[in-house]
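In the text below, chain A, chain B and the rest are named by the order of the sequence lines, each starting its count at 1.
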Amino acid sequence: MNLLKELRERFRSALGTLVDNPEELLEMVRPSQDPRFGDYQANCAMPLGKRLGKPPREIAAQIVARLEWDEMCEPPEIAGPGFINLRLRTDWMATRLRESIQDSRVGVEPVETARTYVVDYSSPNVAKPMHVGHIRSTVIGDALCRILRFAGHRVISDNHLGDWGTQFGMIIYGYKHFRDEAAFAAAPVGELCRLYQLVSQLVDYHETRRRLPDWERRVAEREEAAAYQEAEALPAGGAERKRAAKRLRGLQAQAAEARAELAQAQEKLAAVERSPRLKSLVAEHPDIAQNVLQETARLHADDPENLALWHKFLPKCCEDIQRLYDRLHVAFDYTHGESFYQKHLSSVVRDFLDRGLACISDGAVCVFLDGFDTPMIIRKSDGAYLYATTDLATIAYRMRAFQPDAILYVVDHRQSEHFEKLFAAVRMWGYTDVELQHIRFGTVLDAKGKPFKTRAGDTVGLEGLLDEAVRKAHDVVRANDDAKPGGAELDGTQRRHIAEVVGHAAIKYADLSQNRTSDYIFNFDKMVALEGNTATYMQYSYARTQSIFAKGNIDVCRLRAADAALRLEHPAERALGLELLQFAEAIEETLVDYRPNLLTGYLFELARRFSEFYQQCKVLQAETESVRTSRLLLCDLTGRVIRCGLDLLGIQVVDKM
RNA sequence: GUCCCCGUGGCUCAAUUGGAUAGAGCGUCGGCCUCCGGAGCCGAAGGUUACAGGUUCGAAUCCUGUCGGGGAUACCA
């Protein structure tokens with residue numbers, strides 16, 4: 001049962017006799033933040049008192065008088081300016097907990113009206129190794145799918161692969177000119193990655209070389225501007241003076257930034273020139289950038305040779321990506337990449353033009369939108385399509401194929417403006433009754449707050465990251481097992497399995513436990529520290545629940561089936577019981593804004609309550625048989641809720657660790 | 001220049017969207033294993049929620065301004 005919903009229903013009846021539309025007032029019934037104010041509180045008497053022109057405490061008394069609380073709560077208290085504090089009766093809680101124990105969904109009812117969700121996440125570019133930047137989309141998207149499904153919705157997960165862009169032009173060009181046949185036969189994806197990196201380095205070299213004068217000019221301009229500003233006499237007046245000083249600081253910062261960019265570009269060129277091999281390749285392929293674009297264009301124009309190469313490469317790339325998904329236990333209902341929508345792009349553009357929603361500007365097909373300075377371009381002046389075009393075609397397809405109530409895009413926050421425009425264009429196009437959400441998340445940063453890169457400046461490979469986490473987890477598992485009082489109890493296979501589970505969980509949890517909208521600082525040591533608010537703490541709590549049953553030789557099925565009473569006499573028992581009953585609320589709350597960190601927060605709180613209980617209440621050696629049984633039931637439900645909650649986050653548990 | 005996001009103890013983050021004395025973890029200091037797993041528990045120190053105004057019964061949250069950080073800015077994705 002969802003306690004909050006139940007309470008709000010009761011308040012709806014009570015408030016119905018006082019006001020016409022109690023909806024917004026019901027929002028003000030909520031869990032208390034401080035246990036001294038009870039388990040739940042209703043804050044609606046204050047605004048209502050204002051509206052009705054009566055003292056809030058008087059209103060509160062009227063609400064309480066109309067409220068059906070008797071078997072659920074202790075007598076409500078009115079406190080402060082008019083807070084209504086509610087404390088649940090423990091016998092009522094015990095009954096609800098018994099219901100949860102009998103329930104395979106541990107007390108979480110499916111939503112009354114199921115919606116259909118399309119969730120678009122992960123979306124890596126094939127032919128480029130997946131890196132740390134993909135982890136958030138993949139992990140958050142997967143968790144949201146799981147939570148939505150468990151809540152009772154229909155969910156279609158779709159991996160919108162980048163399988164049609166310029167990176168294919170790069171590897172096709174690379175394959176044609178630089179391939180190592182033996183290496184390709186032995187490890188195709190590794191060779192393709194090498195080719196991608198090589199070609200992009202060469203393209204980058206020429207691009208940098210070409211733009212070097214621009215950067216040099218910009219440094220000169222900015223330094224001049226800063227020098228000019230500095231030479232100006234500072235105005236005497238306070239505000240004027242401050243503004244001038246600020247301006248100077250800004251200009252100096254801009255000059256420094258330009259100098260840094262220039263130095264970086266020069267270093268890039270020097271790096272290539274230091275290598276005799278790269279230097280000669282650069283000289284041999286002066287027009288590589290255009291040629292790469294041409295290879296891409298040929299692919300898009302169904303050139304047989306390039307299409308054949310595409311068909312040759314794509315499955316290999318997908319296998320490679322799939323291996324990572326298997327490791328992470330992430331699965332998709334569909335993997336419709338960009339290539340899947342190619343056939344529809346021209347008709348999308350034509351439709352926009354025909355209906356007067358788009359116009360041609362500087363040779364490009366543009367959709368001008370209210371509130372945006374720049375248009376959304378859906379066809380370049382050279383005739384090529386863009387990802388905005390593909391996104392439009394994708395929405396049309398999804399509306400046709402799945403009739404969703406909502407489409408969620410789990411994508412980096414830097415693409416916010418793209419999605420704002422996209423959604424606005426979609427509304428204009430006529431799709432008005434679908435919820436479109438950009439589930440944005442922040443950038444992964446290093447300890448210095450810069451985007452997470454290797455020392456050489458490359459992005460960090462996802463696979464290596466997982467390996468590292470597992471390796472660190474294995475060290476901890478081994479040390480912990482060796483230190484067990486009765487001696488080590490795990491063999492090598494078990495240790496490796498536990499290390500996998502714990503290591504992957506650490507990475508996923510570190511990501512999910514953070515408010516997704518903020519950037520997050522990637523820190524291995526903290527992540528695998530295995531203490532505090534981490535997956536490991538929860539997994540550890542779970543293992544302790546299971547360990548009790550193993551130690552006491554308890555048949556859990558029989559335990560659940562027996563008609564034993566649940567007792568919540570000790571404060572730690574009551575606190576744990578209340579937390580267990582709030583699982584349904586946590587799930588509902590998580591889905592309001594699609595924020596998995598609310599679920600991790602709940603699970604952490606639950607694990608803490610359990611640790612307190614575990615510390616203070618003997619289970620196997622309880623004073624009486626009935627207390628022992630009651631506590632065993634609490635352990636059972638705790639273990640199940642933790643396991644279920646972690647499962648919704650894509651995290652596994654183990655019985656021993 | 002314009003637009004968007006952000007600023008919370010030394011560090012990393014919460015705060016149920018306007019509720020009561022702003023909570024955790026890490027780190028620091030002090031307790032707790034002859035006792036079901038100490039990856040734990042209990043306690044202490046640490047805050048003018050960047051700053052200044054405003055809105056109201058009530059503000060970290062909403063509005064205005066200032067300072068600081070990040071991002072996006074027509075033919076990449």
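When heavy atoms are screened at a 4.0 angstrom cut-off, A/C635 is found touching no nucleic acid atom at all. Using a 4.0 Å heavy-atom cutoff across all strands shown, A/S611 reaches sugar-phosphate atoms only and no base atom. Contact annotation for A/M376: no contact, since no heavy-atom pair falls under 4.0 Å across all strands. A/A543 comes within 4.0 angstrom of a base, heavy atoms only. Within the nucleic acid shown, A/V365 has no heavy atom closer than 4.0 Å to any nucleic acid atom. At a threshold of 4.0 angstrom between heavy atoms, the contacts of A/D391 with the nucleic acid are absent.
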Dump the intermediate steps for side chain to side chain donor-acceptor pair (under 3.5 Å) on A/N159 and A/H336, then the final yes or no.
CA-CA 6 Å; A/N159 192 2; A/H336 287 159; over 6 Å; no
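We find that CG of A/L422 is positioned 18 Å from P of B/rA72, with the value rounded to whole Å. When rounded to the nearest whole Å, the span between NE2 of A/H413 and C1' of B/rC6 equals 9 Å. Across the protein-nucleic acid pair, A/Q415 atom CD and B/rU73 atom C1' stand 14 Å apart, rounded to whole Å. The CD atom of A/Q616 sits 16 Å away from the P atom of B/rC33 (whole-angstrom rounding). When the P atom of B/rC33 is taken as reference, atom NZ of A/K618 falls 12 Å away, rounded to whole Å. Atom-to-atom, CG of A/L606 to C1' of B/rG40 comes out at 15 Å; the value is rounded to the nearest Å. If you measure from atom OH of A/Y614 to atom C1' of B/rC35, you get 10 Å, rounded to the nearest angstrom. For A/Y542 and B/rG40, the OH to P distance is 19 Å, given to the nearest whole Å.
For B/rG37, the OP1/OP2 oxygens have a side-chain nitrogen or oxygen of A/K551 closer than 4.0 Å. Neither OP1 nor OP2 of B/rG71 sits under 4.0 Å from any side-chain N or O of A/R440. The shortest distance between the side-chain N/O atoms of A/R414 and the OP1/OP2 oxygens of B/rC4 is not below 4.0 Å.
For A/E573 (side chain) and A/H570 (main-chain N/O), a donor-acceptor pair under 3.5 Å exists by modelled atom type. Without hydrogens or angle criteria, A/T624 side chain to A/V627 main chain gives a donor-acceptor distance under 3.5 Å. Listed for the A/D655 side chain is no donor-acceptor partner under 3.5 Å among the backbone atoms of A/A543. Of the possible polar contacts, none joining the A/R628 side chain to the A/A622 backbone as a donor-acceptor pair under 3.5 Å is found. Between the A/S137 side chain and the A/Y121 main chain, no donor and acceptor come within less than 3.5 Å of each other.
Each of A/R379 and A/A607 was matched to the nucleotide of RNA chain B holding its nearest heavy atom; the match closer to the 5' end belongs to A/A607. Both A/F368 and A/A473 lie near RNA chain B, and the one whose nearest nucleotide falls closer to the 5' end is A/A473.
Side-chain atoms of A/N480 come within donor-acceptor range of the base of B/rA39, with a qualifying N/O pair under 3.5 Å. Scanning atom types as modelled, no donor and acceptor separated by under 3.5 angstrom connect the side chain of A/T166 and the base of B/rA77. The base of B/rG37 lies close enough to the side chain of A/S547 for a donor and an acceptor atom to sit less than 3.5 Å apart.
Under the side-chain contact (heavy atoms from CB on, under 4.5 Å) criterion, A/D482 pairs with A/R478, A/A488, A/R495, not counting sequence neighbours.
Between B/rC32 and B/rG38, the two C1' atoms lie 9 Å apart (nearest whole Å). Look at the C1' atom in both B/rA59 and B/rA44: the space between them is 30 Å, to the nearest Å. Nucleotides B/rU66 and B/rA22, compared at atom P, are 31 Å apart to the nearest Å. Nucleotides B/rC67 and B/rG31 are separated by 45 Å at their C1' atoms, to the nearest Å. Look at the C1' atom in both B/rC51 and B/rG7: the space between them is 11 Å, to the nearest Å. Look at the C1' atom in both B/rC26 and B/rA20: the space between them is 29 Å, to the nearest Å. Between the P atoms of B/rC6 and B/rC63, the separation comes to 11 Å (whole Å). Rounded to a whole angstrom, the distance from the P atom of B/rU16 to that of B/rG23 is 13 Å.
A salt bridge links A/K5 and A/E588; the closest N-O separation between the charged side-chain nitrogens and carboxylate oxygens is under 4.0 Å. Using a 4.0 Å cut-off between charged nitrogen and carboxylate oxygen, A/R631 and A/E623 count as a salt-bridge pair. Under a 4.0 Å N-O distance rule, the pair A/R218/A/E221 does not qualify as a salt bridge.
When every heavy atom of A/G442 is checked against every heavy atom of A/D519, the shortest pair comes out as CA-OD1, 3.3 Å.
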Base, backbone or nothing for each nucleotide of nucleotides 12-20 of chain B, written B, S, -, heavy atoms under 4.0 angstrom, 5' to 3'?
SSSSBB-BB
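Geometric assessment of A/R544 against the ring of A/Y614 yields a positive cation-pi assignment under the 6.0 Å and 45° thresholds.
The listed nucleotides are B/rA74, B/rA77, B/rG37; the one nearest the side chain of A/L386 is B/rA77. Of all nucleotides listed (B/rC41, B/rA39, B/rC36), B/rA39 comes nearest to the side chain of A/Y540.
In B/rU17 the O4'-C1'-N dihedral to the base is within 90° of 0, which defines a syn nucleotide. A syn base is found at B/rC33: its glycosidic angle is within 90° of 0. With its glycosidic angle within 90° of 0, B/rA74 is assigned syn.
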Whenever both distances are under 3.5 Å in a Watson-Crick or G-U wobble pair, mark it; put RNA chain B into dot-bracket that way, with [ ] for crossing pairs and | when the partner is on another strand.
(((((((..((((.....[...)))).(((((.......))))).....(((((..]....))))))))))))....
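At a threshold of 4.5 Å between non-hydrogen side-chain atoms, the residues A/D120 and A/V410 do not count as touching.
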